[in-house]
Amino acid sequence: MYTIDLRSDTVTHPTEAMRKAMYEAEVGDDVYGEDPTVTRLEEYAAAMLGKEAALFAVSGTMGNLIAMLTHCGRGDEIIMGEFAHTFIYEVGGISALGGAHIHTVPNLADGSLDPQKVEEAIRAENIHFPPTRLICLENTHNRCGGTVVPLESMAQIQSVARRHGVSVHLDGARVFNAAVALNVPVSEIASHVDTVQFCLSKGLAAPVGSLVVGAAEFIQRARKLRKMLGGGMRQAGVIAAAGLVAMEQMVERLADDHANARWLAEGLAQIASVSVDPGRVQTNMVMFGFSDPRLTIPSVQQGLAAEGVRINALDAERFRAVTHYGITADDIDRTLLAVRRVVTALAA
Ligand code: TLP
């Protein structure tokens, strides 16, 4: 059956150019620093993000973990949004493995953090308190619906952090979607934080990999922690080669994913009982639910699966549809027809 997979942009397959680059990749042992393709990828990423150095990691989860472990010691505190991917979906790794303490503050609707709330959350010097070491931001914000955190908001958090001698890390798993939506170079977003983790394996369609970028001294320490976590890879040029193609060729086309998401949201808004706000769609995600209690998330999910449309629930009341490379405008039209059919059948 023809399948339209809207579960995530992580489901993308490598392009022809990536497969060719992987086949031809020049490799070496990267633990010895001898893989020329990994080195090229790291240098390319650092330059693109406007930082001194970069480190290739297995996944976004590992990249964020390495960054947080490098910033913080045991007992240090990290401030982040209550809906941060790092807080909700990364298995609590930084607490389990790094002994750091997470302090959440509310996320605003666009995924940003209120600078005043962040400043209030920073600990004063007191024998009872853990020291605040880091603030984590996320852009685009996954759980808030692929929203773009405005640059002014990032700048305000940066100045709060500087005033208190605290560092800022960005979970930029989809930072290129934010850059395309804002129409700014990705380095402009990165200029508001000390370190960034970004993923090659989401909208950029590479099969594996994330990068952590930051100051050279930071990345040197991060490299040792990556080794400790078992993330020192050997002939990793095979996957880094796809990552280079992702960064060189796959950024601008993210605008197509954003247009498709918008088209999906506008189409869904035309269907009775669907609750969706197309105005909230800023990048490649659409969150939607139903006003009719007969349209439960499991029943709609099952109905759509039978129509060849795969989609994940965000919670008990909402779906998250994600557009990506391989999903065409035609697929969006087919999806809308499928939703219409399922809604009509379930609400009959
Ligand atoms: N997000 C995945 C799932 O884990 C939910 C998805 O389908 O969206 N930061 C952000 C903002 C992410 O969305 C993700 C993955 C990660 C980090 C972790 O990346 P990976 O999956 O490479 O470990």
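Both ligands and their constituent atoms are indexed starting at 1 by order of listing. Please read all numbers here as calculations on a predicted model, not as lab measurements.
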Show me the side-chain donor-acceptor pairs of residues 237-256 shorter than 3.5 Å, one per line, residues at least two apart or across chains.
from : atom 1 : to   : atom 2 : distance (Å)
R253 : NH1    : D257 : OD2    : 3.2
R253 : NH2    : D257 : OD1    : 2.6

Open item on the list: To the closest 0.5 Å, what do you measure between CG (N142) and NE2 (H85)?
Closed with: 5.5 Å
Open item on the list: What's the separation between atom CG in N284 and atom OH in Y325, rounded to the nearest 0.5 Å?
Closed with: 15.5 Å
TODO: Would you mind listing the cluster partners of M285? Hydrophobic ones only (ILVMFWY), side-chain contacts under 4.5 Å, chaining allowed.
DONE: V322
Residues 41-49 side chain polar contacts: donor-acceptor under 3.5 Å, at least two apart:
from : atom 1 : to   : atom 2 : distance (Å)
E42  : OE1    : R223 : NH2    : 3.1
E42  : OE2    : F56  : N      : 2.9

Open item on the list: Using 30° and 60° as the class boundaries, would you call the ring planes of F319 and F288 parallel, tilted or perpendicular?
Closed with: tilted
Task: Contact residues of ligand 1, where a non-hydrogen atom lies under 4.0 Å away - done: S8, S59, G60, T61, N64, H85, E90, E138, N142, D171, A173, R174, K202, R320
